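Here the structure is laid out as structure tokens; the discussion comes afterwards.
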Amino acid sequence: MRTSDLGQECTKMQQIPSLVSLCVRAVAMEIIDGGHFEGVVELPDELLDSLMMNLPPLALQGLHEQYVCSSRAFHSKSINGGNKRQRFDAKYEGFDGVWKALFKERWPENFKRVELINKVDGARSSIDHENDWQQLYWETHLQNCLDEAAERAMLPAFDGHIGELSVSDSILNSIGYSATKADSCSKLQTLWFHCNKFGCYARCLRLSNVLCVPEISGLLGTSNLRALVFRSIKCKSHVDGVCDLLRQNRDTLKSLEFVHCRFSSTSFSQICSCIFSEAEPHGIKSFSIKSSCVADSKKSSLPADFVSFLSSGRSLESIHLSDTSIGSKCAKWILDTLLKSSLNLITLEISDNDIRGWLSKVDRRSGECPSLLGPKLSLKSLSILNLRGCNLCQDDAEDLNYVLIHMPNLTSLDLSDNPLEDEGIRSLIPYFVKAFEKTSPISDVNLQNCSLSCKGVTEFLESSQTLREPLNSLSVAENNLSSSVAAPLAIFLGSPGVKALNIEAIGLEPLGFQELEEKMPKDVPLVRINISKNRGGSDCASFISKLIMQAPDLVVVDAGYNFILPEALMTVHDALNHSTRKLRRLDLTGNIRLSHSVYASKLLEYHVHGKPIVIIPSGLPSSVPYDDDP
């Protein structure tokens with residue numbers, strides 16, 4: 001006989017159950033036992049609301065399904081529903097609120113992420129409005145079931161069908177189901193039941209290799225998947241399972257990602273051919289391969305089916321190829337294909353791949369190359385280009401200068417972790433000058449860890465001072481710039497559009513912070529700044545204090561590992577006291593001497609939304625030496 005925890009509110013309050021609470025419990029147990037409550041849509045609002053708020057997820061699902069069926073039947077019979085139609089619509093919103101509360105209770109961290117995405121995007125466009133939090137709840141539940149099944153399927157002793165794998169009691173209890181008889185719950189305990197029951201709510205799933213078997217397409221047969229992430233796909237049997245799912249969801253799939261995979265040329269061709277057909281373009285918007293390897297990718301070309309996939313992707317907006325072991329010839333071939341395909345591509349990432357010399361055939365006199373850059377070819381829609389960690393050197397930067405001209409709407413360029421050196425950045429300055437003069441100028445530049453010196457960065461900063469539209473964000477972190485860069489940086493701080501600056505680990509030291517503070521303009525538009533690992537000591541604290549007072553929109557300051565002494569925090573305390581601040585976080589992690597300091601504890605009194613603004617190091621064991629080297 002099945003039981004649930006319904007009615008616990010009455011027990012906790014130590015009250016005699018009311019008639020309403022008894023009815024709620026009786027109806028709930030009837031629903032969870034698989035019964036029907038045909039009159040659910042006619043229940044008084046008070047009773048229906050009590051049911052919705054007190055039912056566990058599994059029972060709420062049954063009530064929701066019955067309500068949807070009954071309300072649709074009513075709508076089909078009555079064109080002018082009047083008050084009843086308004087009541088049905090109001091209850092739909094009520095159900096959504098209950099599902100939202102259940103989601104928040106079960107996955108609080110996931111809930112925070114979803115809410116953050118909602119704030120950024122304005123709406124959950126990837127989720128059906130009709131399902132909303134109900135859809136998101138059961139999708140996440142199914143992902144938990146699949147993750148748990150994958151762990152069990154990886155055990156050497158497993159030799160069976162993944163659909164027969166049992167779902168743990170903890171997951172069953174979380175949806176409000178428990179049973180005393182094993183035979184009565186064996187069906188509900190299987191992965192097959194949860195896929196069959198809740199697969200229709202799945203839109204985005206992550207699948208490891210052990211789940212990519214022919215059986216998986218049947219288990220997820222009711223799903224209309226829009227995003228799939230595959231992990232550790234390495235053998236033919238895995239590829240066959242992947243292909244079955246891709247064919248099954250070809251009409252709905254918008255995002256596809258492979259992580260830690262290894263493909264032969266044949267298997268990669270097989271996967272690509274499942275996505276598109278010659279009759280019509282595929283609908284993939286985002287395609288990613290990360291920390292994976294495609295056999296023979298260092299050769300001059302990739303499989304022909306990959307060419308067709310790229311060329312037929314009229315909806316393709318972003319391509320991410322990170323740490324995929326592609327060589328320079330293959331990278332050039334990909335760029336050539338994209339230029340010829342006239343895609344409306346917005347984001348292109350080819351990162352953490354050694355592609356030095358990939359543009360070596362560009363004619364620097366004309367900015368064109370027969371095999372690469374025809375006179376009418378361009379990526380006009382490209383907005384974000386990420387070439388982080390590609391071992392690009394000075395010559396590559398000079399070649400890139402001519403290629404970037406064919407990306408007229410580029411707004412973000414990431415060249416971090418490339419040994420460009422000063423000559424490399426100098427060769428790019430003509431491009432930046434032209435880009436800054438455009439109607440939609442480049443706004444975000446990342447030159448972190450590019451082997452730059454103070455001289456090269458100073459030339460770049462000086463060139464940016466003539467901009468029609470100033471940079472929005474700049475990173476020159478992890479370049480050995482020394483304190484000499486402080487003066488041009490101080491001038492740059494006054495640029496009206498600069499919102500984010502990363503100067504972590506550039507060797508400022510006390511002298512650099514002194515000059516920054518002395519020459520910093522009165523009005524600084526910064527929203528966030530990273531000055532960590534610069535060994536600034538008390539001068540770093542003094543600079544922070546002045547910045548808080550002169551940057552009214554400042555939200556985040558990262559100042560870890562700067563050898564700040566406790567007594568230097570008094571100036572920071574005074575600045576926080578007297579500023580009309582928007583500051584949300586001042587991170588002083590790694591300044592070990594601040595641990596358990598009376599001065600530091602005074603800073604903990606400042607809070608925003610219940611959280612302390614200042615993050616103080618908790619301290620290290622005395623046996624661990626303090627080292628600010630990253």
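For this chain, numbers begin at 1 and follow the sequence in order. Only a predicted model underlies this, so the values are computations on that prediction, with no experimental measurement involved.
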I need the [X] [atom1] to [Y] [atom2] distance, nearest 0.5 Å.
| X | Y | atom1 | atom2 | result |
| --- | --- | --- | --- | --- |
| Leu343 | Thr337 | CG | OG1 | 9.5 Å |
| Ser483 | Leu489 | OG | CG | 11.0 Å |
| Met549 | Thr571 | CE | OG1 | 11.5 Å |
| Ile346 | Leu379 | CD1 | CG | 12.0 Å |
| Ser464 | Ile429 | OG | CD1 | 9.5 Å |
| Leu359 | Glu398 | CG | CD | 12.0 Å |

Find out whether [X] and [Y] are in side-chain contact, i.e. whether some heavy atom of one side chain is under 4.5 Å from a heavy atom of the other.
| X | Y | answer |
| --- | --- | --- |
| Val476 | Leu481 | yes |
| Leu565 | Leu594 | no |
| Leu420 | Leu415 | yes |
| Ile529 | Val556 | no |
| Leu569 | Leu588 | yes |
| Val498 | Leu474 | no |
| Leu385 | Met407 | yes |
| Ile503 | Leu501 | yes |

Backbone N/O of [Y] and side chain of [X]: donor-acceptor pair under 3.5 Å:
| X | Y | value |
| --- | --- | --- |
| Glu349 | Ile319 | no |
| Asn418 | Leu392 | yes |
| Asp539 | Phe513 | no |
| Asp587 | Thr589 | yes |

Parallel, tilted or perpendicular, as decided by the 30° and 60° cut-offs, for the rings of Phe258 and Phe230
parallel

Without hydrogens or angle criteria, can the side chains of [X] and [Y] be said to hold a donor-acceptor pair below 3.5 Å?
| X | Y | value |
| --- | --- | --- |
| Ser351 | Ser322 | yes |
| Asp422 | Ser453 | yes |
| Ser383 | Thr411 | yes |
| Asn577 | Tyr606 | yes |

Electrostatic pair [X]:[Y] at N-O distance under 4.0 angstrom:
| X | Y | answer |
| --- | --- | --- |
| Lys499 | Asp553 | no |
| Arg203 | Glu139 | no |
| Arg388 | Asp352 | yes |
| Glu109 | Lys112 | yes |
| Glu504 | Lys533 | yes |
| Lys332 | Asp336 | no |

Given Leu335 and Val403, is the side chain to side chain contact (heavy atoms under 4.5 Å, CB included) satisfied, shown in steps?
CA-CA 10 Å; Leu335 180 60; Val403 175; 4.1 Å; yes

If you look only at distance, which donor and acceptor atoms sit under 3.5 Å apart when one is on a side chain in residues 444-452 and the other is two or more places apart or in another chain?
| residue | atom | partner | partner atom | Å |
| --- | --- | --- | --- | --- |
| Asp444 | OD1 | Asn472 | ND2 | 3.2 |
| Asp444 | OD1 | Ser473 | OG | 2.7 |
| Asn446 | OD1 | Gln448 | N | 3.0 |
| Gln448 | NE2 | Glu478 | OE2 | 3.0 |
| Asn449 | ND2 | Asp417 | OD1 | 3.0 |

Test Val259 against Glu257 for side chain to side chain contact (heavy atoms under 4.5 Å, CB included), laying out the working first.
CA-CA 7 Å; Val259 183; Glu257 181 174 343; 3.3 Å; yes

For Ser318 and Ser286: C-alpha separation, side-chain torsions, deciding distance, then whether side-chain hydrogen bond (donor to acceptor under 3.5 Å, both in side chains) applies.
CA-CA 5 Å; Ser318 65; Ser286 176; 3.1 Å; yes

From CA spacing to verdict: side chain to side chain contact (heavy atoms under 4.5 Å, CB included), Phe111, Glu105
CA-CA 9 Å; Phe111 179 82; Glu105 180 182 8; over 6 Å; no

Between Tyr402 and Tyr431, is the ring centre distance below 6.0 Å?
no

Begin with the C-alpha distance, continue with both residues' side-chain angles, and end with the deciding distance and a verdict on salt bridge (charged side-chain N to carboxylate O under 4.0 Å, His left out) for Arg206 and Asp147.
CA-CA 8 Å; Arg206 304 180 307 275; Asp147 291 343; 3.4 Å; yes

Arg356 CZ: over 12 foreign heavy atoms closer than 6.0 Å
yes

Please step through side chain to side chain contact (heavy atoms under 4.5 Å, CB included) for the pair Ile564 and Val572, ending with a clear verdict.
CA-CA 11 Å; Ile564 297 176; Val572 177; over 6 Å; no

Please give me the minimum heavy-atom distance between Ser292 and His260, naming the atom from each residue.
OG-N, 3.2 Å

Run the side-chain hydrogen bond (donor to acceptor under 3.5 Å, both in side chains) check on Asn562 and Asn534 step by step: do they pass?
CA-CA 6 Å; Asn562 266 300; Asn534 274 294; 5.1 Å; no

